[in-house]
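Here's the structure, in C-alpha coordinates; my notes come after.
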Amino acid sequence: MAAQKINEALEHIAKADKYLKTGFLKWKPDYDSAATEYGKAAVAFKNAKQYDQAKEACLREAEAHENNKALFHAAKAYEQAGMMLKEMQKLPEAVQLIEKASMMYLENGTPDTAAIALERGGKLDEAALSLQKEKSIYKEIENYPTCYKKTIAQVLVHLHRNDFVAAERCVRESYSIPGFNGSEDCAALEQLLEGYDQQDQDQVTDVCNSPLFKYMDNDYAKLGLTLTVPGGGTKKKSPNAPQDKGKGTPTVGTHADEDDDEYSGGLC
(Lines give C-alpha, C1' and ligand atoms only; values in the text may rest on other atoms or scores of the structure.)
Protein backbone atom coordinates (compact mmCIF):
# COMPACT_ATOMS: atom_id res chain seq x y z
CA MET A 1 0.00 0.00 0.00
CA ALA A 2 2.78 2.43 0.98
CA ALA A 3 4.75 1.66 -2.20
CA GLN A 4 1.65 2.26 -4.31
CA LYS A 5 1.08 5.66 -2.64
CA ILE A 6 4.71 6.64 -3.12
CA ASN A 7 4.53 5.79 -6.84
CA GLU A 8 1.30 7.76 -7.08
CA ALA A 9 3.00 10.73 -5.43
CA LEU A 10 5.98 10.56 -7.79
CA GLU A 11 3.62 10.58 -10.77
CA HIS A 12 2.01 13.76 -9.47
CA ILE A 13 5.45 15.33 -8.96
CA ALA A 14 6.38 14.50 -12.56
CA LYS A 15 3.16 16.08 -13.84
CA ALA A 16 3.75 19.18 -11.74
CA ASP A 17 7.30 19.57 -13.04
CA LYS A 18 5.99 19.27 -16.57
CA TYR A 19 3.46 22.06 -15.96
CA LEU A 20 6.29 24.34 -14.85
CA LYS A 21 8.42 23.80 -17.96
CA THR A 22 8.43 26.44 -20.66
CA GLY A 23 9.28 26.21 -24.33
CA PHE A 24 8.87 27.80 -27.73
CA LEU A 25 5.09 27.43 -27.66
CA LYS A 26 4.71 27.83 -23.89
CA TRP A 27 6.30 30.95 -22.47
CA LYS A 28 4.69 30.97 -19.04
CA PRO A 29 4.63 28.15 -16.45
CA ASP A 30 1.22 26.81 -15.44
CA TYR A 31 1.58 27.48 -11.71
CA ASP A 32 -2.04 26.67 -10.88
CA SER A 33 -1.93 23.16 -12.36
CA ALA A 34 1.52 22.53 -10.88
CA ALA A 35 0.31 23.52 -7.41
CA THR A 36 -2.62 21.11 -7.71
CA GLU A 37 -0.31 18.23 -8.60
CA TYR A 38 2.14 19.03 -5.81
CA GLY A 39 -0.78 19.09 -3.39
CA LYS A 40 -1.92 15.65 -4.55
CA ALA A 41 1.65 14.38 -4.20
CA ALA A 42 1.80 15.69 -0.64
CA VAL A 43 -1.37 13.82 0.29
CA ALA A 44 -0.08 10.58 -1.25
CA PHE A 45 3.28 10.90 0.56
CA LYS A 46 1.46 11.61 3.83
CA ASN A 47 -0.72 8.51 3.40
CA ALA A 48 2.47 6.52 2.88
CA LYS A 49 3.85 8.11 6.10
CA GLN A 50 6.70 9.67 4.11
CA TYR A 51 6.41 12.94 6.01
CA ASP A 52 9.68 14.47 4.84
CA GLN A 53 8.73 14.01 1.17
CA ALA A 54 5.21 15.25 1.96
CA LYS A 55 6.72 18.38 3.49
CA GLU A 56 8.85 19.01 0.40
CA ALA A 57 5.81 18.60 -1.86
CA CYS A 58 3.87 21.07 0.30
CA LEU A 59 6.70 23.60 0.05
CA ARG A 60 6.76 23.28 -3.74
CA GLU A 61 2.99 23.66 -3.79
CA ALA A 62 3.31 26.82 -1.68
CA GLU A 63 5.93 28.25 -4.03
CA ALA A 64 3.73 27.61 -7.04
CA HIS A 65 0.76 29.31 -5.36
CA GLU A 66 2.94 32.30 -4.43
CA ASN A 67 4.09 32.65 -8.03
CA ASN A 68 0.43 32.51 -9.02
CA LYS A 69 -0.40 35.29 -6.48
CA ALA A 70 -2.71 32.90 -4.61
CA LEU A 71 -1.72 33.99 -1.11
CA PHE A 72 -4.36 32.08 0.87
CA HIS A 73 -3.57 28.76 -0.84
CA ALA A 74 0.17 29.37 -0.38
CA ALA A 75 -0.39 29.93 3.35
CA LYS A 76 -2.41 26.71 3.54
CA ALA A 77 0.43 24.78 1.89
CA TYR A 78 3.01 26.26 4.28
CA GLU A 79 0.75 25.31 7.19
CA GLN A 80 0.56 21.73 5.91
CA ALA A 81 4.34 21.62 5.55
CA GLY A 82 4.58 22.72 9.17
CA MET A 83 2.23 19.95 10.24
CA MET A 84 4.44 17.40 8.46
CA LEU A 85 7.44 18.69 10.43
CA LYS A 86 5.36 18.36 13.57
CA GLU A 87 4.71 14.70 12.72
CA MET A 88 8.50 14.27 12.55
CA GLN A 89 8.86 15.95 15.98
CA LYS A 90 10.80 18.83 14.42
CA LEU A 91 8.91 21.40 16.45
CA PRO A 92 11.10 24.53 16.03
CA GLU A 93 11.01 24.19 12.22
CA ALA A 94 7.28 23.39 12.36
CA VAL A 95 6.56 26.51 14.40
CA GLN A 96 8.53 28.66 11.92
CA LEU A 97 6.47 27.46 8.95
CA ILE A 98 3.15 27.69 10.82
CA GLU A 99 3.99 31.24 11.89
CA LYS A 100 4.88 32.06 8.28
CA ALA A 101 1.51 30.67 7.19
CA SER A 102 -0.19 32.74 9.90
CA MET A 103 1.44 35.96 8.68
CA MET A 104 0.35 35.18 5.12
CA TYR A 105 -3.23 34.59 6.28
CA LEU A 106 -3.11 38.00 7.96
CA GLU A 107 -1.73 39.61 4.81
CA ASN A 108 -4.54 37.97 2.87
CA GLY A 109 -7.10 39.50 5.25
CA THR A 110 -8.15 36.29 7.02
CA PRO A 111 -7.07 36.76 10.67
CA ASP A 112 -9.39 34.05 12.01
CA THR A 113 -7.63 31.47 9.84
CA ALA A 114 -4.30 32.83 11.08
CA ALA A 115 -5.34 32.21 14.68
CA ILE A 116 -6.59 28.69 13.90
CA ALA A 117 -3.27 27.86 12.21
CA LEU A 118 -1.36 28.91 15.31
CA GLU A 119 -3.66 26.90 17.55
CA ARG A 120 -3.20 23.75 15.45
CA GLY A 121 0.54 24.13 15.77
CA GLY A 122 0.61 24.55 19.53
CA LYS A 123 1.10 21.92 22.31
CA LEU A 124 1.53 22.79 26.02
CA ASP A 125 4.89 24.65 26.04
CA GLU A 126 4.38 25.77 22.45
CA ALA A 127 0.69 26.43 23.16
CA ALA A 128 1.47 29.24 25.60
CA LEU A 129 3.32 31.15 22.88
CA SER A 130 0.77 30.30 20.20
CA LEU A 131 -2.14 31.44 22.38
CA GLN A 132 -0.43 34.76 23.03
CA LYS A 133 -0.04 35.32 19.30
CA GLU A 134 -3.66 34.32 18.68
CA LYS A 135 -4.82 36.76 21.35
CA SER A 136 -2.78 39.55 19.76
CA ILE A 137 -4.46 38.85 16.42
CA TYR A 138 -7.95 38.99 17.91
CA LYS A 139 -7.05 42.14 19.85
CA GLU A 140 -5.85 43.77 16.64
CA ILE A 141 -9.22 43.14 14.96
CA GLU A 142 -11.01 44.24 18.18
CA ASN A 143 -12.63 40.85 18.79
CA TYR A 144 -12.31 41.32 22.54
CA PRO A 145 -14.62 38.50 23.78
CA THR A 146 -12.41 35.98 21.99
CA CYS A 147 -9.38 37.57 23.65
CA TYR A 148 -10.99 36.81 27.03
CA LYS A 149 -11.42 33.14 26.06
CA LYS A 150 -7.81 32.94 24.89
CA THR A 151 -6.76 34.35 28.27
CA ILE A 152 -8.64 31.53 30.03
CA ALA A 153 -6.88 29.01 27.79
CA GLN A 154 -3.50 30.61 28.54
CA VAL A 155 -4.08 30.47 32.29
CA LEU A 156 -5.07 26.78 32.11
CA VAL A 157 -1.93 25.96 30.14
CA HIS A 158 0.31 27.85 32.59
CA LEU A 159 -1.29 26.21 35.63
CA HIS A 160 -0.92 22.75 34.08
CA ARG A 161 2.76 23.59 33.79
CA ASN A 162 2.69 24.61 37.49
CA ASP A 163 3.64 28.15 36.53
CA PHE A 164 1.40 30.24 38.77
CA VAL A 165 3.49 33.38 38.22
CA ALA A 166 2.98 33.21 34.42
CA ALA A 167 -0.76 32.57 34.89
CA GLU A 168 -1.13 35.54 37.23
CA ARG A 169 0.89 37.79 34.91
CA CYS A 170 -1.29 36.71 31.97
CA VAL A 171 -4.45 37.87 33.79
CA ARG A 172 -2.81 41.09 34.95
CA GLU A 173 -1.69 41.97 31.41
CA SER A 174 -5.18 41.23 30.10
CA TYR A 175 -6.61 44.11 32.15
CA SER A 176 -5.47 46.31 29.26
CA ILE A 177 -7.97 44.57 26.93
CA PRO A 178 -11.15 46.71 26.74
CA GLY A 179 -13.95 45.25 28.84
CA PHE A 180 -11.90 42.43 30.37
CA ASN A 181 -11.77 43.93 33.86
CA GLY A 182 -15.26 43.43 35.24
CA SER A 183 -16.20 40.65 32.81
CA GLU A 184 -17.35 37.21 33.99
CA ASP A 185 -14.19 35.77 32.42
CA CYS A 186 -12.01 38.02 34.55
CA ALA A 187 -13.97 37.24 37.73
CA ALA A 188 -13.74 33.48 37.08
CA LEU A 189 -9.99 33.66 36.47
CA GLU A 190 -9.43 35.66 39.66
CA GLN A 191 -11.37 32.98 41.58
CA LEU A 192 -9.36 30.24 39.87
CA LEU A 193 -6.04 31.86 40.74
CA GLU A 194 -7.13 32.47 44.32
CA GLY A 195 -8.18 28.83 44.73
CA TYR A 196 -4.97 27.56 43.17
CA ASP A 197 -2.82 29.85 45.32
CA GLN A 198 -4.68 28.84 48.50
CA GLN A 199 -4.55 25.13 47.53
CA ASP A 200 -8.34 25.04 47.66
CA GLN A 201 -9.28 22.22 45.32
CA ASP A 202 -12.99 22.84 45.96
CA GLN A 203 -12.76 26.35 44.56
CA VAL A 204 -10.60 25.32 41.61
CA THR A 205 -12.94 22.45 40.73
CA ASP A 206 -16.05 24.64 41.02
CA VAL A 207 -14.58 27.25 38.66
CA CYS A 208 -13.40 24.66 36.14
CA ASN A 209 -16.82 22.97 36.17
CA SER A 210 -18.64 26.23 35.43
CA PRO A 211 -20.23 26.59 31.96
CA LEU A 212 -17.67 29.27 31.11
CA PHE A 213 -14.91 26.64 31.25
CA LYS A 214 -16.80 23.46 30.34
CA TYR A 215 -17.99 24.78 26.98
CA MET A 216 -14.60 25.91 25.74
CA ASP A 217 -12.79 24.08 22.94
CA ASN A 218 -12.54 20.43 23.92
CA ASP A 219 -8.79 20.40 24.62
CA TYR A 220 -8.97 23.37 26.99
CA ALA A 221 -12.12 22.07 28.69
CA LYS A 222 -10.16 18.89 29.46
CA LEU A 223 -7.31 20.96 30.90
CA GLY A 224 -9.80 22.58 33.26
CA LEU A 225 -11.42 19.31 34.33
CA THR A 226 -8.03 17.72 35.13
CA LEU A 227 -6.50 20.71 36.90
CA THR A 228 -5.27 19.97 40.44
CA VAL A 229 -3.75 22.29 42.97
CA PRO A 230 -0.21 21.71 44.33
CA GLY A 231 0.15 19.29 47.20
CA GLY A 232 -1.74 16.37 45.72
CA GLY A 233 -5.06 18.18 45.29
CA THR A 234 -5.97 18.29 48.99
CA LYS A 235 -9.33 19.98 49.51
CA LYS A 236 -9.79 22.72 52.09
CA LYS A 237 -13.02 23.69 53.82
CA SER A 238 -14.16 27.10 52.62
CA PRO A 239 -14.71 29.51 55.56
CA ASN A 240 -17.85 30.79 53.79
CA ALA A 241 -19.38 27.35 53.33
CA PRO A 242 -22.89 27.00 54.87
CA GLN A 243 -22.97 25.20 58.21
CA ASP A 244 -25.67 22.86 59.48
CA LYS A 245 -26.27 24.39 62.90
CA GLY A 246 -28.14 21.36 64.15
CA LYS A 247 -25.25 18.94 63.73
CA GLY A 248 -22.25 20.80 65.10
CA THR A 249 -18.66 19.96 64.15
CA PRO A 250 -18.27 17.00 61.77
CA THR A 251 -16.63 13.92 63.26
CA VAL A 252 -14.39 11.28 61.67
CA GLY A 253 -16.26 9.21 59.11
CA THR A 254 -18.56 12.01 57.93
CA HIS A 255 -19.25 12.79 54.28
CA ALA A 256 -16.74 15.67 54.43
CA ASP A 257 -13.93 13.23 55.23
CA GLU A 258 -15.06 10.92 52.46
CA ASP A 259 -14.69 13.83 50.03
CA ASP A 260 -11.13 14.43 51.27
CA ASP A 261 -10.28 10.77 50.64
CA GLU A 262 -11.80 10.92 47.14
CA TYR A 263 -9.44 13.72 46.06
CA SER A 264 -6.42 12.85 48.20
CA GLY A 265 -4.59 11.53 45.15
CA GLY A 266 -5.63 14.36 42.82
CA LEU A 267 -8.17 14.38 40.04
CA CYS A 268 -6.01 12.62 37.47
Side-chain angles (χ1 to χ4, degrees), residues 62 70-83 85-86 91-92 94-161 163-193 196 207-227:
L71 205 57
F72 180 87
H73 294 298
K76 195 71 179 173
Y78 279 122
E79 182 186 351
Q80 289 302 310
M83 298 307 288
L85 284 166
K86 192 174 169 190
L91 294 181
V95 169
Q96 284 183 349
L97 281 179
I98 290 169
E99 286 181 352
K100 181 174 183 175
S102 175
M103 292 303 103
M104 292 182 77
Y105 284 132
L106 278 178
E107 188 179 344
N108 186 62
T110 49
D112 284 353
T113 311
I116 291 167
L118 287 171
E119 188 168 351
R120 286 191 191 120
K123 292 294 179 185
L124 290 177
D125 285 352
E126 291 80 16
L129 178 60
S130 292
L131 284 166
Q132 182 60 41
K133 291 182 177 178
E134 288 181 60
K135 191 162 73 172
S136 297
I137 291 170
Y138 284 115
K139 187 176 180 181
E140 184 178 330
I141 62 173
E142 300 183 358
N143 186 341
Y144 301 128
T146 301
C147 291
Y148 309 161
K149 299 298 179 283
K150 296 302 175 183
T151 302
I152 293 176
Q154 281 181 298
V155 168
L156 288 173
V157 167
H158 287 313
L159 292 182
H160 261 272
R161 297 165 65 220
D163 194 341
F164 178 81
V165 174
E168 190 176 40
R169 184 174 62 245
C170 178
V171 173
R172 190 167 61 247
E173 290 174 349
S174 294
Y175 289 145
S176 65
I177 301 172
F180 178 73
N181 192 10
S183 68
E184 62 173 345
D185 305 77
C186 179
L189 285 173
E190 288 173 346
Q191 282 187 306
L192 178 63
L193 291 177
Y196 191 92
V207 174
C208 290
N209 274 288
S210 68
L212 191 64
F213 281 65
K214 286 178 72 174
Y215 297 118
M216 295 181 67
D217 288 344
N218 195 42
D219 287 342
Y220 298 119
K222 286 179 182 177
L223 287 183
L225 293 173
T226 58
L227 182 61

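Counting begins at 1 with the first residue of the sequence.
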Is any side-chain heavy atom of Leu227 closer than 4.5 Å to a side-chain heavy atom of Leu192?
-> yes
Quick one: does Glu79's side chain get under 4.5 Å of Leu97's, heavy atoms only?
-> no
For Leu71, check side chain to side chain contact (heavy atoms under 4.5 Å, CB included) against everything at least two apart and list the hits.
-> Met104, Glu107, Asn108
Nearest heavy-atom neighbours spanning [X] and [Y]:
X: Ala167; Y: Leu193; value: CB-CD2, 3.9 Å
X: Leu159; Y: Tyr196; value: O-OH, 3.5 Å
X: Phe213; Y: Cys208; value: CB-O, 3.5 Å
X: Ala94; Y: Gly82; value: CB-O, 3.3 Å
X: Ala75; Y: Ala101; value: O-CB, 3.3 Å
X: Val207; Y: Ala188; value: CG1-O, 3.6 Å

Rounded to the nearest 0.5 Å, what separates atom [atom1] in [X] from atom [atom2] in [Y]?
X: Cys170; Y: Leu156; atom1: SG; atom2: CG; value: 10.0 Å
X: Ile98; Y: Leu85; atom1: CD1; atom2: CG; value: 8.5 Å
X: Lys139; Y: Ser176; atom1: NZ; atom2: OG; value: 3.5 Å
X: Leu212; Y: Leu189; atom1: CG; atom2: CG; value: 7.5 Å

Suppose we screen for side chain to side chain donor-acceptor pair (under 3.5 Å). Which residues come up paired with [X], at least two apart in sequence or across chains?
X: Tyr175; value: Glu190
X: Gln132; value: Gln154
X: His158; value: Arg161

Between Lys135 and Thr151, is any side-chain donor less than 3.5 angstrom from a side-chain acceptor?
-> yes
Residues in ring-ring contact (aromatic ring centres under 6.0 Å, His included) with Phe72, at least two apart?
-> Tyr105
Given side chain to side chain contact (heavy atoms under 4.5 Å, CB included), test Lys150 with Tyr148 step by step and report yes or no.
-> CA-CA 5 Å; Lys150 296 302 175 183; Tyr148 309 161; over 6 Å; no
Residues 178-187 side chain polar contacts: donor-acceptor under 3.5 Å, at least two apart:
from	atom 1	to	atom 2	distance (Å)
Ser183	OG	Phe180	O	2.6
Ser183	OG	Cys186	N	3.1
Asp185	OD2	Lys149	NZ	2.8

